[in-house]
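Only one structure is covered here, and it is reproduced in the block below.
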Amino acid sequence: MDYFAKNIISILKEETHLKEDEIENLIEIPPDIKMGDYAFPCYSLSKALKKAPNVIATELAKKIQAINPISEIKAIGPYVNFFVDKAVYSEKVLKSISKESDAYGHAKIGNDKAVVIDYSSPNIAKHLAVHHLRSALIGSAIYHIYKTLGYKCVGINHLGDWGTQFGQLIVAYKKWGNENTHKSYTVTDLNNLYVKFHQEAEKNADLENESREWFKKLEAGDTEARELWQHFKDISLKEFQKIYDMLGIHFDAFIGESFYNTMVEDTVRRLKGKGLTRISEEALIVDLEPYNMPPCLLRKKDDTTLYATRDIAAAEYRKKTYNFDKTIYVVGSEQKLHFKQVFKVLELMGYDWANRCVHVDFGLMKFKDGKMSTRKGKVVLLEDLLIEAVERIRKIIEEKNPALENKESVANDVGIGAVIFADLCTKRNKDVVFDWDEALNFEGETGPYIQYTHARLCSILRKYSKPVTPDINYSLLKEDETIILIKNLCQFPTIILKAAEFYEPSLVCNYLIDVCGSLNRFYNTHRVLSEDDNLTKARILLVNSTRQVIKNGLNMLGIHAPEQM
RNA sequence: GCGCCAGUAGCUCAGCUGGAUAGAGCAUCGGAUUUCUAAUCCGGCGGUCGAGGGUUCAAGUCCUUCCUGGCGCGCCA
C-alpha cells in the first residue's frame, strides 16, 4: 500500500466505519487522470445505508476534508474521487528512484531463500530450434525476477541426455558415422544419423533390437557406449552454449537426466517402502485413482525406469542439495498431467514441500500448418532466427543511423532483444504460431521500441551532460503527460511482485510498453532542454528516472539497453 | 469418451482477482519534424467480448450448458 492510499484510508475510516483493509481493497485507480488519482466506490455501502451509491458518494465527499497530501475530494457519480498533491507525489516517486537507481524495483522478500528453476532442458543430439525458446526465456526471466526480489536462484538445465534414443544414435554412428571425421562432428551430423536411423529402422527391424542392446550396455556402464554417449553430449553442449551465449542465458548447473540414473533405485525403494506402489500390467505404478488421475508409471515391464521416476528422484536430490523454498519447472503445458502426477506422488511420500513444486507451463509454438518436428526436419533453428534478426537490424542501422559507433554490438543487442521481447510479450499459456515477420517485427509494441525509447533518453542526458539532481522544484512537473508518466514509474515495484507471483514475465513487457508510450507522448509534447534552468532540471530528473526504470525492466527480461542506436 | 487450456477490432494481443464510456500494436486512410534520434507521436476507420441461460446494484471477468480450436489421458520425454 502506498503513502497516498494510507492517507486516504485514514480520512475515510471515521465516516465509513469500515476496517482499514476493507477500504484498501475497495480503493481503485480511476480510468482517466481527470477524474482523480484514487477513487472510493460507494456501491458496497449502499445496502447497509439503504441509499443509492451516488447519493452516498455526494454526502461522503461533503463530510470528509482534504488534508495534505490530498489536495481535493470530489464525488463523481457513485465514486468519491481523491486528487493528490502532484508535487508531493512526484517527489516521493522520483526521489525513491534516484536513491535506489539500479535497485529500484528490487525487494528483500526472498530473504535469501533458494528457488530452483528448471528451464530450457533440451534433448542432446538435436538442434535448439525456435520452439525451445519459450522455456529458456521464460525461465531466465523468472530467474532474474526472483533474484531481484532477494531469492537465491539456482538455474538448472535438465538436459535430455538419457533414454533409448541414445542406443539408436550409437547404432547409427557405428554403422554410418565416419570415424575419421570424428573430431569435427556437429549436431547436424548427429541429427542426420538420428533421421537416418528411423528411415532404416522401418525397413530393418533388427536395428531397434540392436539399439536396445546398446542402451542396456550404456546403462550398465560399458566403456565404449559410455565414451560415445559422452562424445555426443560434448558436441551438443558446445553448440547449445553458443546459443545460450547469444541469448545471454545463464545456468548454474547442467544436470541431465542421466545424473539421476544411480539414484532412481533408491527412490523406487522408498516408494515401495511407503507402500505406495503396486504391479499393474507387469509395470510398477503408483495408483492415483483416488485423486482422479491416471497411474504414475515408475518402471516398465522390462525393468527400466521412466521419466516420472527420474523426475521424482531429481526433486528429492534438489531438495537435499539446495534446500529450496520453491522449485519451478518451466516446461510446456503438454506435460501438465505429468507434473501433477509427480507432485502428487511427492506429496504421498510425505514431503511437506510437495506443494512448493510449481509447474510453470506455457503454450505450444507451432507453424501455421502444424506442429514443429525435429524428425521431419520441419523446424526453424534458433541460431538462424537470431542471425537473421541481427542482420535485419544491421540494415536498419545502416539506413537510419550510419554514423553509430559499435554497430555490431548494438545490432546484436537490438536483434536479440527483439526476439526475446516478442516471445515474452504474450501471456505464457497462449499457443504461439511462429511467423518470421512477426518474430522480426521492429515497430510498435516491440523490443526495439523499448530500446529506442531508452536510447533517446540517454541521448538527452548526454546532451545535458551535467549531474542529475533530485533537488528540484517538483511543482514544475505538472502537465498531464508528465503526471501520467510518473504514475507509471511508480507502479514498477508492484509489477515485479505480480510478475513473480504469477510467474508471468509478460506483465513486465506490457508494463514497459506502457511506460514507453507515456514517455514518448511526454517527449512529443514537451521539451526537456530549454532556457528555463529549473524546468530543465526537473524534466531531466524525470528523463533519468524513466531511463532507469526502462533499463531495470529490460534487465529483468534478459535484454540489453544500449545507450545509442 | 474423459480432463486441462484458449476463443475480445481484418490480424496479433492487453484488460489491474466483479466496477466509471471495452484498450493497445499491426494493417489501412489522414496529419505532425528549421527544436533533445520520425525505430516516434496525433487523429479517422474498425467490437452483439464464440453462443445461450444464470448469479449480482454492477459480468469480457463468477456459475452452467453448448460450439470451435489446441494439448493430454499406461510402458516416449
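Below, chain A is the first sequence line, B the second, and so on; all start at residue 1.
- No hydrogens or angles were tested; on distance alone, a donor-acceptor pair under 3.5 Å links the side chain of Ser280(A) to the base of G74(B).
- Atom NZ of Lys216(A) has 12 or fewer neighbouring heavy atoms from other residues, nucleotides or ligands inside a 6.0 Å radius.
- Atom name C1', nucleotides G47(B) and U8(B): the rounded distance is 8 Å, in whole Å.
- Using a 4.0 Å cut-off between charged nitrogen and carboxylate oxygen, Glu479(A) and Arg539(A) count as a salt-bridge pair.
- Heavy-atom neighbours of Glu531(A) CD from other residues, nucleotides or ligands within 6.0 Å: at or below the threshold of 12.
- When heavy atoms are screened at a 4.0 angstrom cut-off, Ile397(A) is found touching base atoms of the nucleic acid.
- When heavy atoms are screened at a 4.0 angstrom cut-off, Ser459(A) is found touching base atoms of the nucleic acid.
- In Glu388(A), the CD atom is crowded: over 12 heavy atoms of neighbouring residues, nucleotides or ligands sit closer than 6.0 Å.
- In Lys300(A), the NZ atom is crowded: over 12 heavy atoms of neighbouring residues, nucleotides or ligands sit closer than 6.0 Å.
- In this structure, Tyr449(A) does not reach the C26(B) phosphate: none of its side-chain N or O atoms is under 4.0 Å from OP1 or OP2.
- Glu281(A) has no carboxylate O lying under 4.0 Å from a charged side-chain N of Lys301(A), or vice versa, which leaves the two without a salt bridge.
- Counting any heavy atom pair closer than 4.0 Å across all strands shown, Leu306(A) reaches sugar-phosphate atoms only and no base atom.
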Pull out every protein N or O sitting under 3.5 Å from an N or O of nucleotides 29-34 of chain B, one pair per line with the distance.
none

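- A ring pair (Phe, Tyr, Trp, His ring centres under 6.0 Å) with Trp162(A) is found for exactly one of Phe259(A), Tyr260(A), Phe215(A), Tyr307(A), namely Phe215(A).
- The residue among Ile396(A) and Thr164(A) whose nearest nucleotide of RNA chain B lies closer to the 5′ end is Ile396(A).
- Because its glycosidic torsion is more than 90° from 0, U34(B) is reported here as anti.
- For the contact set between residues 492-503 of chain A and RNA chain B, defined by any heavy atom under 4.0 Å, the members are Lys498(A), Glu501(A), Phe502(A).
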Fill in the blank from the handout: Reading nucleotides 2-8 of chain B from 5' to 3' and marking B where a protein heavy atom lies under 4.0 Å of the base, S where only the sugar-phosphate is that close, and - otherwise, the string is --SSSS-
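- Of the candidates C41(B), U37(B), G74(B), the closest approach to any side-chain atom of Asn520(A) belongs to C41(B).
- Within the nucleic acid shown, His526(A) comes within 4.0 Å of at least one base atom, counting heavy atoms only.
- Of the candidates G15(B), G74(B), U37(B), U37(B) carries the atom nearest the Tyr523(A) side chain, counting heavy atoms from C-beta on.
- Figure legend: Arg392(A) and Phe442(A) shown without cation-pi pairing, the cationic atom not lying both under 6.0 angstrom from the six-membered ring centre and within 45 degrees of its axis.
- Side chain Asn81(A) to base A20(B): a donor-acceptor pair is found below 3.5 Å.
- Among the nucleotides A39(B), C71(B), U40(B), the one closest to the side chain of Pro448(A) is A39(B).
- Using a 4.0 Å heavy-atom cutoff across all strands shown, Gln451(A) reaches no nucleic acid atom at all.
- Counting any heavy atom pair closer than 4.0 Å across all strands shown, Met35(A) reaches a base atom.
- Glu257(A) comes within contact range of the sugar-phosphate backbone alone, with a heavy-atom separation under 4.0 Å but no base atom that close.
- With salt bridges taken as basic N to acidic carboxylate O contacts below 4.0 Å, one links Arg299(A) and Glu265(A).
- Across all strands, Arg521(A) comes closer than 4.0 Å only to sugar-phosphate atoms, never to a base (heavy-atom distances).
- Residue-level contact check: Glu281(A) touches the bases, meaning some heavy atom is under 4.0 Å from a base atom.
- In this structure, Asp32(A) places its CG atom 11 Å from P of G23(B), rounding to the nearest Å.
- Taking the side chain of Tyr43(A) as heavy atoms from C-beta on, and the options A39(B), C76(B), C57(B), the nearest nucleotide is C57(B).
- Checking G74(B), C71(B), C36(B) against every side-chain atom of Arg527(A), the shortest atom distance belongs to C36(B).
- Between C71(B), G74(B), C13(B), one nucleotide has an atom nearer to the side chain of Ile285(A) than all others, and that is G74(B).
- Within the nucleic acid shown, Pro30(A) comes within 4.0 Å of at least one base atom, counting heavy atoms only.
- Residue contacts shown for Leu337(A) are limited to sugar-phosphate atoms, with no base heavy atom under 4.0 Å away.
- Here the nucleotide nearest the side chain of Arg310(A), chosen from G15(B), U40(B), A77(B), is A77(B).
- With sequence neighbours excluded, the residues satisfying ring-ring contact (aromatic ring centres under 6.0 Å, His included) with His359(A) are Phe339(A).
- Nearest-nucleotide positions on RNA chain B place Ser506(A) closer to the 5' end than the other of Ser506(A) and Ala39(A).
- If you take CG of Leu457(A) and C1' of U40(B), they are 12 Å apart, rounded to a whole angstrom.
- Between Lys366(A) and the phosphate of C71(B), there is no side-chain N or O to OP1/OP2 separation shorter than 4.0 Å.
- For Pro31(A), whose side chain is taken as the heavy atoms from C-beta onward, the closest listed nucleotide among G15(B), A20(B), A77(B) is A20(B).
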Practice task
Could you provide the dot-bracket string of RNA chain B, using ( ) for intrastrand pairs, [ ] for crossing pairs and | for bases paired to another strand, with Watson-Crick or G-U pairs below 3.5 Å?
Solution key: (((((((..((((.....[...)))).(((((.......))))).....(((((..]....))))))))))))....
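- Distance from the side chain of Lys300(A) is smallest to C76(B) among G74(B), C76(B), A39(B).
- RNA chain B is contacted by Ile460(A), Lys463(A) of residues 460-468 of chain A, taking any non-hydrogen atom closer than 4.0 Å.
- Under a 3.5 Å cut-off, the side chain of Asn406(A) and the backbone N or O of Ser409(A) do not form any donor-acceptor pair.
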